[in-house]
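Report on one structure; see the data block that follows.
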Amino acid sequence: MRLSRYFLPVLKETPSEAQIVSHRLMLRAGMIKQNAAGIYSWLPLGFKVLKKIEQIVHEEQAKAGHIPMLMPTLQPADLWRESGRYDAYGPEMLRVTDRHERGLLYGPTNEEMITDIFRSHVSSYKALPLTLYHIQWKFRDEVRPRFGVMRGREFCMKDGYNFDLTQEDAFHAYNRHMVSYLRTYERMGLKAIPMRADSGPIGGDNTHEFLVLAETGESEVFYDAAITDLTFGDRSVDFDDRAACQAIVDEWTAPYARTDETHDAEMFDKVPEERRRTSRGIEVGQIFYFGTKYSEAMGATVVTPEGDRVPVHMGSHGIGVSRLVGAIIEASHDDKGIVWPEGVTPFHCGIVNLRQGDGDCDAACERVEAALIAMGLDPLYDDRDERAGAKFAGMDLIGLPWRITVGPRGLKDGKVELTCRRTGDSEEMGIDAAIDRIGQIYSVAS
Ligand code: ATP
Ligand code: MG
């Protein structure tokens, strides 16, 4: 993409309405525009990151054997009357009446709808186990929408629902979700810690939240520092292997890690003092096992091998897709701007031309751009007629992890400069060497 043709409305001033750094940087970097309280447009740069996050979620769900689909944002009120949540949900639910006076609502979550779909089509244990999920916008009329996309009213969530014959099967589905989430967050450059959580209005007694440690997080968290040393890495997992999934869950749930809602001071005191940590965290996901709560209320039953008809065991599992964009920035920025982890960066590499209009510089930049595109990468070429300082500041603000700088001086010796956004380190090298290096970083061949 050529910056001169792109839509990147960066702000020079720091927006005064933004209280936290991710919100400020998203506005300044031209990623989002607020349309109403807690309701945002995703401008091209923000939209790209959102799609990257969705893509990682899809890939990791596929590995776990979970099946993507799409349910609507608007749901009939009658479905929610069946579960009893139409009245219970309260003012957070946006209720709408259509021209025929029928009650609708903008979905805050989808347990009722997915249970309705399930009961319409499944009646035998043979269809189980089954996990369906979608990535869809939700609406919750939060009392205090704030912190930009971190606590919006309209926000994007991945929500998945498992259907199983027995509690034991459903626990395996729970474990599959925990394992797949661990890798999902890690691919986004995040350390998200599973913490035992409170079941809240959805109900049930087996639930974990995933929290990213950050000063600006809304939850107070207590944990054993040992958990921050765990990494998932690229270990291969057989998601049908119950013992293997359980072992990973055990590994991540052994160290103490809880939010203020479930914190147990006595247990915490047993953690060696030097490893006891109190901090704040951003909730980026949650998994729940809630048994037959919805299947019983809504008649989602299957016939067992013995011929009995029983309600299915269910759970729901969410990832805060749009909140993650803010959470990643909270976890990865400096005083110059965003520092995108490679896994979610909107463009793989920036190209800065220090003398736009100079035949050699232009040709070299175009060569770098074409080579990166040919490798399947997505570079952003700053081809504007601007001062070098302004171009560097812009690139630092939008946070691309790598930058190739082309200037007349280096080019005389056939050299360009490769700069790492995170460390600020620069290295002079030949054009092809720089292209190869970017290819290696993203594991694509030149
Ligand atoms: P919170 O406690 O932050 O209000 P929640 O527990 O009500 O969230 P869940 O029902 O668990 O939310 O939804 C799954 C995920 O969706 C959350 O872990 C969070 O990452 C995200 N999420 C929830 N509410 C919002 C919101 N208002 N804006 C953005 N993301 C949200
Ligand atoms: Mg939650």
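Counting starts at 1 for both ligands and their atoms, in listed order.
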Which bit of D159 is near ligand 1, meaning a heavy atom under 4.0 Å away: side chain, backbone, both or neither?
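The answer is neither.
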Checking contacts here: is it the side chain or the backbone of E209 that comes within 4.0 Å of ligand 1, counting heavy atoms only? Could be both or neither.
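E209 to ligand 1: no contact under 4.0 Å from either part.
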Is E209 close enough to the Mg ion (ligand 2) to have an N, O or S atom under 2.8 Å?
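For E209, the answer is no, given that no N, O or S atom comes within less than 2.8 Å of the Mg ion (ligand 2).
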Without swapping roles, check the side chain of D378 against the backbone of F347 for a donor-acceptor pair under 3.5 Å.
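No; judged by distance alone, with no hydrogens or angles, the pair does not exist.
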Between T97 and E101, is there a donor-acceptor pair closer than 3.5 Å when you use the side chain of the first and the backbone of the second?
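The answer is no, because no donor-acceptor pair under 3.5 Å joins these two groups.
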Below 3.5 angstrom, do we get any N/O pair linking [X] and ligand 1?
X	value
E283	yes
Q286	yes
G152	yes
G318	no

Examine [X] together with [Y] and report whether their ring centres are nearer than 6.0 Å.
X	Y	result
Y442	H348	yes
F210	Y185	yes
Y289	F171	yes
W137	F155	no

Can you name the atoms of ligand 1, numbered from 1 with element, that are less than 4.0 Å from a heavy atom of [X]?
X	answer
V149	29 (C)
M157	13 (O), 14 (C), 16 (O)
V284	18 (O), 20 (O)
G285	18 (O), 20 (O)
G320	15 (C), 16 (O), 20 (O), 21 (C)

Between R85 and Y294, is there a side-chain donor-acceptor contact under 3.5 Å, judged purely by atom types and distance?
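Their side chains do contain a donor-acceptor pair, which is all the 3.5 Å distance test asks for.
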For atom 27 (N) of ligand 1, tell me which residue out of E142, E92, M150, R140 has the closest non-hydrogen atom.
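When every heavy atom of E142, E92, M150, R140 is considered, E142 comes closest to atom 27 (N) of ligand 1.
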Which option out of F147, F210, F155 puts a heavy atom nearest to atom 24 (N) of ligand 1?
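Answer by nearest heavy atom: F155.
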Which heavy atom of A64 sits nearest a heavy atom of S180, and at what distance?
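Taking every non-hydrogen atom into account, CB-CB, 4.1 Å.
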With a cutoff of 4.0 Å, is T109 in contact with ligand 1, counting heavy atoms of the residue only?
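False for this residue.
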Is the closest heavy atom of I282 to ligand 1 under 4.0 Å?
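Judged by the 4.0 Å heavy-atom criterion, I282 does not count as contacting ligand 1.
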How is the N/O/S atom of E283 that comes nearest to the Mg ion (ligand 2) named?
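In E283, the heteroatom (N, O or S) nearest the Mg ion (ligand 2) is OE2.
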Note: K138-D159 ion pair, threshold 4.0 Å (strictly below):
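Answer for the salt bridge query: yes.
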Using a strict threshold of under 4.0 Å (side-chain N to carboxylate O), is an ion pair present between D224 and R276?
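Salt bridge absent between R276 and D224.
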For R144, is the CZ atom crowded, meaning more than 12 foreign heavy atoms sit under 6.0 Å from it?
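Open.
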